[in-house]
2 protein chains.
Amino acid sequence: MISNDICADCAVRDRALCGSLDDRELLALNTIGQRRHVTRGQTIAWAGDEAVICGNLLSGVLKLVAATADGREQTVGLLYPADFFGQPYAGDVDFTLTALTEAELCVFPRAAFERVLEDHQRMERLLLQRTFESLNEARGRMLVLARKSAGEKLAGFLLDMTARAGASGCQASRDGPVTFDLPLTRGQIADVLGMTIETVSRQLTRMKQSGVIGLPGGRAITISDREALMARAEAA
Amino acid sequence: MISNDICADCAVRDRALCGSLDDRELLALNTIGQRRHVTRGQTIAWAGDEAVICGNLLSGVLKLVAATADGREQTVGLLYPADFFGQPYAGDVDFTLTALTEAELCVFPRAAFERVLEDHQRMERLLLQRTFESLNEARGRMLVLARKSAGEKLAGFLLDMTARAGASGCQASRDGPVTFDLPLTRGQIADVLGMTIETVSRQLTRMKQSGVIGLPGGRAITISDREALMARAEAA
DNA sequence: CGGGTGGTTGACAGACATCAACGGTCGTGG
DNA sequence: CCACGACCGTTGATGTCTGTCAACCACCCG
């Protein structure tokens with residue numbers, strides 16, 4: 001049975017919301033869940049549309065985007081594997097959800113997922129906790145967007161990405177230089193940090209000239225001096 | 001019995017989370033809840049402290065504040081009567097909670113409240129929905145903070161406050177001028193919108209000179225031309 | 001009466017956006 | 001295989017919005 005295999009070989013089985021369910025309970029999810037592949041740049045849900053789906057991100061990176069009437073955009077959230085997307089009990093979608101990279105999703109019809117939540121209080125509680133975490137993160141980001149300088153924003157962002165890259169990056173030694181690929185273009189970084197492409201670029205070259213980071217080319221980045229980066233993330 | 005009366009004469013009984021409970025269930029809350037009065041400027045919970053309480057706001061206005069290491073501050077949320085505060089299942093408090101005005105709270109020990117949540121799935125679901133709403137609001141605010149000009153921010157803020165003032169303000173006619181008192185000082189508005197006192201003041205006088213608003217004195221404000229205000233809230 | 005808080009206004013500066021030009025890389029198609 | 005265009009990134013010149021510093025006024029309360 002194919003549907004049974006969906007959860008069995010799930011890459012984020014232990015980290016996603018579903019981790020709170022036992023094997024038997026997973027069967028219920030299996031019957032309503034569906035794998036879906038999206039390509040870079042593809043939009044999964046448009047702000048203003050009816051909220052019909054929710055689910056888990058299996059691989060790749062997604063962004064949540066808010067926009068003004070005249071087209072200015074702000075990325076208000078980044079989603080990584082094992083993150084939940086969508087809003088149970090919602091009417092309409094509030095923020096456009098788009099893939100920044102190739103991505104794999106596990107999608108549920110919203111109504112069906114709500115029924116599962118009702119039967120599994122533990123999962124609903126887990127979702128509540130995650131939502132609080134997202135809220136705290138969003139509020140922390142508000143401070144960054146409103147009060148930090150371009151240099152501070154970028155330093156903080158790079159530290160985030162470094163932590164996120166984690167094991168996947170290659171590092172010579174503990175506390176030594178770390179190199180990895182940023183999953184975002186300069187423009188996408190600008191959207192996240194509330195600045196322009198040019199400012200992102202300029203700040204990066206400045207850090208490079210200071211020896212804090214290296215830019216080997218392409219989307220690669222080397223964190224040469226993590227201490228300095230942390231200092232810059234908090235400096236006035 | 002005093003404790004029984006707490007909910008009976010609650011000003012926000014029908015709008016707060018507890019509205020989901022029947023009379024018998026309210027007894028459980030009554031035994032753990034406690035009224036508390038706070039004065040203007042008083043802090044209810046400090047960021048970094050252990051999260052020991054949560055509850056409902058009965059009257060007044062509270063703010064949630066995030067701060068950088070070097071003291072820059074950003075108000076990341078405003079709480080109005082019937083709003084819930086605190087974070088069940090949390091470890092530490094993430095954002096300092098302070099009263100902007102005299103305020104009345106209904107406070108619960110966090111651990112006890114969590115037990116009530118576990119027994120009342122309906123209330124937990126309501127809390128989940130509210131948390132999603134807060135998250136959406138925070139994300140919307142991210143767009144404002146990062147991408148809107150001072151004029152747009154202030155126009156949007158005034159529209160919010162107008163909606164909030166609602167019936168309490170006095171208006172001559174539908175769509176006519178509305179006058180009410182802002183519950184925030186210029187400095188507090190600046191903290192909310194991510195700008196400075198001076199810029200708030202300048203933008204207000206500019207709007208006054210354009211005839212969009214009136215500033216009768218004190219903390220009062222008159223919305224003379226709501227259409228124009230809406231235009232300004234979205235203008236580039 | 002004096003000090004504190006809150007508000008307004010002016011002069012000035014600086015950080016960042018904007019506008020513009022240019023180079024590199026990659027994929028497609030002739 | 002090469003060429004073209006699209007996308008991405010960098011850098012420079014310039015402008016402007018808003019933050020900073022400062023002075024001043026009104027009001028309130030002890």
Side-chain angles (χ1 to χ4, degrees), chain A residues 39-42 68 70-74 98 100-102 143-155 157-158 181-210 213-222 232 235-236, chain B residues 39-42 68 70-74 100-101 144-155 157-158 181-210 213-221 232 235-236:
Chain A
T39 60
R40 181 180 149 79
Q42 192 176 339
T68 61
D70 60 326
R72 284 167 286 172
E73 287 193 355
Q74 174 63 35
T98 304
L100 286 178
T101 66
E102 297 267 307
L143 174 65
V144 173
L145 291 173
R147 300 298 187 185
K148 295 216 174 180
S149 69
E152 293 173 297
K153 286 177 180 178
L154 206 40
F157 175 80
L158 291 181
D181 270 12
L182 292 172
L184 283 73
T185 68
R186 302 288 188 264
Q188 289 164 349
I189 295 173
D191 278 351
V192 171
L193 298 179
M195 25 203 262
T196 61
I197 292 183
E198 294 93 325
T199 305
V200 171
S201 183
R202 273 187 255 268
Q203 291 291 334
L204 281 176
T205 56
R206 187 194 282 203
M207 286 186 190
K208 175 181 166 188
Q209 281 160 355
S210 313
I213 62 169
L215 297 170
R219 213 147 288 168
I221 186 167
T222 303
R232 279 180 190 235
Chain B
T39 61
R40 180 180 150 81
Q42 191 176 340
T68 61
D70 61 326
R72 284 167 286 173
E73 287 192 354
Q74 175 63 36
L100 287 178
T101 66
V144 172
L145 291 173
R147 301 297 187 185
K148 294 216 175 181
S149 70
E152 293 173 296
K153 286 177 179 177
L154 206 40
F157 175 80
L158 291 181
D181 270 12
L182 291 171
L184 285 73
T185 68
R186 302 290 188 264
Q188 289 164 349
I189 294 173
D191 278 352
V192 171
L193 298 180
M195 23 202 266
T196 60
I197 292 183
E198 294 93 326
T199 305
V200 172
S201 184
R202 272 188 256 268
Q203 291 291 336
L204 281 177
T205 57
R206 187 195 282 204
M207 286 186 191
K208 176 181 164 187
Q209 280 160 356
S210 313
I213 63 169
L215 297 170
R219 212 147 288 167
I221 187 169
R232 279 180 190 234

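These numbers come from the heavy atoms of this one structure, side chains and all, not from hydrogens, waters or symmetry mates. Residue numbering restarts at 1 for every chain, and letters A, B, ... go by the order of the sequence lines.
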Arg232(A) CZ to dA15(C) C1': how many Å, rounded?
-> 16 Å
Would you check, one step at a time, whether the test side chain to side chain contact (heavy atoms under 4.5 Å, CB included) holds for Leu158(A) with Leu204(A)?
-> CA-CA 10 Å; Leu158(A) 291 181; Leu204(A) 281 176; 4.1 Å; yes
I would like to know whether Leu145(A) and Gln74(A) meet side chain to side chain contact (heavy atoms under 4.5 Å, CB included); could you show each step before the answer?
-> CA-CA 10 Å; Leu145(A) 291 173; Gln74(A) 174 63 35; 3.9 Å; yes
Protein-to-nucleotide contact annotation, 5' to 3' order, nucleotides 6-14 of chain D [B base; S sugar-phosphate only; - none; under 4.0 Å, heavy atom] = --SSBBBB-
Provide, to the nearest angstrom, the distance between the CD atom belonging to Gln203(B) and the C1' atom belonging to dT8(C).
-> 14 Å
Please produce a list of atom pairs where a protein N or O lies less than 3.5 Å from an N or O of nucleotides 27-30 of chain D.
none

Pick out the pairs of N or O atoms, protein on one side and nucleotides 21-26 of chain C on the other, that lie under 3.5 Å.
none

Spacing between Arg206(B) atom CZ and dG10(C) atom C1', to the nearest angstrom | 15 Å
Quick one: salt bridge (Lys or Arg N to Asp or Glu O under 4.0 Å) pairs with a partner in residues 185-196 of chain B, sequence neighbours left out?
-> Arg147(A)-Asp191(B)
Between Arg232(B) and Ser210(B), is any pair of side-chain heavy atoms under 4.5 Å apart?
-> yes
Thr185(B) side chain to Gln188(B) backbone, donor-acceptor under 3.5 Å = yes
Take Leu100(A) and Thr98(A) through the side chain to side chain contact (heavy atoms under 4.5 Å, CB included) test and state the conclusion after the steps.
-> CA-CA 6 Å; Leu100(A) 286 178; Thr98(A) 304; 6.0 Å; no
Quick one: label Gly217(A) by what it contacts on the DNA or RNA (base, sugar-phosphate, nothing), any heavy atom closer than 4.0 Å.
-> nothing
d(CZ, Arg147(A); P, dA15(C)) in whole Å = 17 Å
Roughly, in whole Å, what's the span from NZ in Lys148(B) to C1' in dA17(C)?
-> 18 Å
Only pairs at least two apart or in different chains count here, so list each side-chain hydrogen bond (donor to acceptor under 3.5 Å, both in side chains) that has a residue in residues 197-206 of chain A.
-> Thr196(A)-Thr199(A)
Can you find a heavy atom in the side chain of Pro216(A) that is under 4.5 Å from one in the side chain of Thr222(A)?
-> yes
Given Arg40(A) and Thr101(A), is the side chain to side chain contact (heavy atoms under 4.5 Å, CB included) satisfied, shown in steps?
-> CA-CA 4 Å; Arg40(A) 181 180 149 79; Thr101(A) 66; 5.6 Å; no
Kindly indicate whether the side chain of Phe157(A), heavy atoms from C-beta on, has any atom under 4.5 Å from the side chain of Val200(A).
-> no
Bend of the helix from dC1(C)-dG30(D) to dG30(C)-dC1(D) from end-axis comparison, five pairs per end, nearest 10°, comes to 30°
